[in-house]
Each structure stands twice: as structure tokens, then as C-alpha cells.
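Written out below as C-alpha cells is the structure these notes cover.
Counting starts at 1 for both ligands and their atoms, in listed order. Below, each value reflects all heavy atoms present in this structure, side chains not excepted, and no hydrogens, waters or symmetry copies.
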Amino acid sequence: MSESAPVLTIDGPSGAGKGTVSRLVASRLGWHYLDSGALYRAVGVAASWAGLDPSDQGALVRCAFDTRIEFRDGPGGLRVLVNGTDATDELRLETTGALASAIAAIPEVRAALRERQRAFRRPPGLVADGRDMGTVIFPDATVKVFLTASAEERARRRHNQLKEKGVSVTFDDLLREILARDARDAQRAVAPLKPAEDAVSIDTTGLTIEEVVERVLALVPARAG
Ligand code: DC
């Protein structure tokens with residue numbers, strides 16, 4: 001039954017607008033939403049809380065199996081609980097993203113999270129946001145989208161977001177971090193970041209969020225029909 005629930009995958013590099021677009025598209029369709037990056041981030045947070053050595057791959061793999069990760073609706077949006085503790089704010093830190101990216105390069109960690117991600121596929125449908133949603137986790141997805149934007153545009157967006165939050169970080173540092181993360185995510189041996197062969201690529205540089213949402217929704221057969 002769940003196998004037949006439609007899936008819309010939205011993959012792409014960090015900062016391409018996947019999170020915002022995926023949440024809005026899921027809400028417009030009334031579908032479930034999977035933020036797969038949050039799972040990798042949650043494992044990173046659990047590992048750092050446990051004081052694990054980042055080079056101890058065996059411990060990180062056990063951590064990926066054992067960590068309880070729950071998503072709950074909260075006042076300011078979705079909250080993420082890691083082993084019962086609200087870790088939403090820590091999850092979004094740049095340092096957590098960098099840790100998640102390093103952990104995500106370990107094949108056994110990816111395998112540990114595979115079925116957990118597939119369990120999100122339930123009627124009436126799922127919008128899955130990540131790097132390998134269309135290539136590895138849901139290869140039979142109904143619609144596959146690959147969102148991109150230039151690295152400069154992504155750094156600019158992230159810079160504005162952080163400025164609004166009162167976090168001080170330079171544009172150049174962000175751009176450097178984004179380029180480093182892109183290279184790591186694209187070059188890893190397992191599930192590297194790349195569009196599925198049957199994905200529709202959308203370059204979001206210069207588009208508003210609403211324009212991107214409309215383009216994605218137009219690809220979903222139920223709506224197109
Ligand atoms: O989407 P995000 O920035 O929250 O993801 C954090 C890191 O997790 C990202 O740098 C790479 C990794 N990731 C992954 O390897 N596969 C996914 N499906 C999602 C995230």
C-alpha cells in the first residue's frame with residue numbers, strides 16, 4: 001500500500017532552496033514531508049552529544065542505527081527531537097551541517113538511514129527533500145526534481161538568512177563553506193550528489209520561491225491533470 005503512495009523527490013545542493021520549496025509544495029499538495037538532511041544532522045548532533053570521535057566510523061554507524069529521531073509540529077514549525085531532546089536549533093548550525101556532510105560520506109551510515117527514510121512514504125503522498133532521494137532512496141518516484149542555483153546566489157541567500165537571525169558571518173566564508181560542501185557531497189563514493197537521469201532540473205537563480213513552487217507543482221500529474 002505504502003509502496004504505491006506517490007513520491008515527489010527534490011534533490012540538489014545546499015542553499016538551492018530545497019527546504020523552503022519542499023515544505024511549501026508538501027503543504028499545497030497535502031502530502032507528507034521528509035527532510036532527509038535533518039536525519040544526517042540528527043546523527044551528527046547525537047554523536048557530538050555522546051562525545052564520539054568523528055574518525056571512529058564504527059561508533060558513528062552504531063549511532064546512526066540507535067539514535068531516536070522524531071519530527072513534531074511546533075509553534076514555529078517542525079521541531080526535531082534527538083533521543084527525546086529538542087535539537088531543532090542545534091540542527092541548523094553550520095557546524096552541524098559540516099558534520100552531517102562528513103558523516104553522510106560513510107556508506108554504512110547511509111545504509112542505516114535508508115529504511116527509515118522509506119518509511120515516510122505514506123498516502124496520500126510524500127515530498128522528499130535531500131541529495132539522493134531520486135537516485136537511491138526512491139528511484140521509482142513519480143516526479144523527480146533537481147534544484148540548483150549558482151554558488152554565489154546560494155551564499156547570498158544564506159548570508160541574508162543568517163543576518164536576519166543576527167548571526168555574523170562573512171559572505172566569503174559562507175561561499176568557501178558552500179563550495180567545500182558541494183565538492184564533498186558530489187565527490188563521495190556512495191550516493192554522490194547528482195541529478196537522477198529522469199529528473200527535471202530547475203535553476204532557481206533569479207526566481208522567487210513562489211515561482212519555483214509553481215514550476216514544481218506543474219510537474220505533479222494530479223495537479224497538472
Ligand atoms: O540538506 P542539509 O543541508 O540539511 O544536509 C546536511 C548534509 O547531509 C549535507 O551536506 C549532505 C548530507 N545529506 C546527504 O548526504 N543525503 C541526503 N539525502 C541529505 C543530506
Does a side chain donor of either [X] or [Y] reach within less than 3.5 Å of an acceptor in the other side chain?
X: D203; Y: T205; result: yes
X: R157; Y: T204; result: yes
X: R184; Y: S101; result: yes
X: T135; Y: D132; result: no

Numbered atoms of ligand 1 (with element) below 4.0 Å of [X], judged on heavy atoms:
X: K18; answer: 1 (O)
X: S101; answer: 7 (C), 10 (O)
X: A104; answer: 12 (C), 15 (O)
X: G130; answer: 18 (N)
X: M133; answer: 18 (N)
X: D185; answer: 9 (C), 10 (O), 11 (C)
X: R92; answer: 4 (O)

request  = Answer yes or no: are there more than 12 heavy-atom neighbours, outside E210 itself, under 6.0 Å from its atom CD?
outcome  = yes
Could you find the nearest protein heavy atom to [atom] and give me its residue, atom name and distance?
atom: atom 20 (C) of ligand 1; answer: G37 CA, 3.5 Å
atom: atom 6 (C) of ligand 1; answer: R41 NE, 3.7 Å
atom: atom 9 (C) of ligand 1; answer: R131 NH2, 3.3 Å
atom: atom 16 (N) of ligand 1; answer: R110 NH2, 3.0 Å
atom: atom 19 (C) of ligand 1; answer: S36 OG, 3.4 Å

key: Partners passing ring-ring contact (aromatic ring centres under 6.0 Å, His included) against Y33 (at least two apart in sequence or in another chain)   = none
message = Return the CD to OG1 distance between E153 and T148, rounded to the nearest 0.5 Å.
response = 10.5 Å
query = Linking I/L/V/M/F/W/Y whenever their side-chain heavy atoms sit closer than 4.5 Å, directly or via other members, would F71 and V25 fall into one cluster?
reply =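 No, F71 and V25 fall in different hydrophobic clusters.
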query = Does one hydrophobic cluster hold both V200 and V216, with members joined at side-chain heavy-atom distances below 4.5 Å?
reply =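 In one cluster with V200: V216, yes.
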Sub-3.5 Å N/O-N/O distance, [X] and ligand 1:
X: Q117; result: no
X: D35; result: no
X: Y40; result: no
X: S14; result: no

message = Under the side-chain contact (heavy atoms from CB on, under 4.5 Å) test against R79, which residue among L91, D73, D86 passes?
response =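 Exactly one option meets the side-chain contact (heavy atoms from CB on, under 4.5 Å) with R79, and it is D86.
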task = Please determine which of L217, V21, V145 meets the side-chain contact (heavy atoms from CB on, under 4.5 Å) test together with V212.
result = V21
query = If you measure from each heavy atom of E94 to ligand 1, is any distance below 4.0 Å?
reply = no
Sub-4.0 Å heavy-atom contact, R184 with ligand 1 = no
task = Report the part of D129 (side chain from C-beta onward, or backbone N, CA, C, O) that has a heavy atom under 4.0 Å from ligand 1; answer both or neither where that applies.
result = neither
ask   = Got a sec, which pairs hit salt bridge (charged side-chain N to carboxylate O under 4.0 Å, His left out) with one end in residues 57-68, sequence neighbours left out?
value =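 Every salt bridge (charged side-chain N to carboxylate O under 4.0 Å, His left out) pair that includes a residue of residues 57-68, provided the two are not neighbours, is R68-E70.
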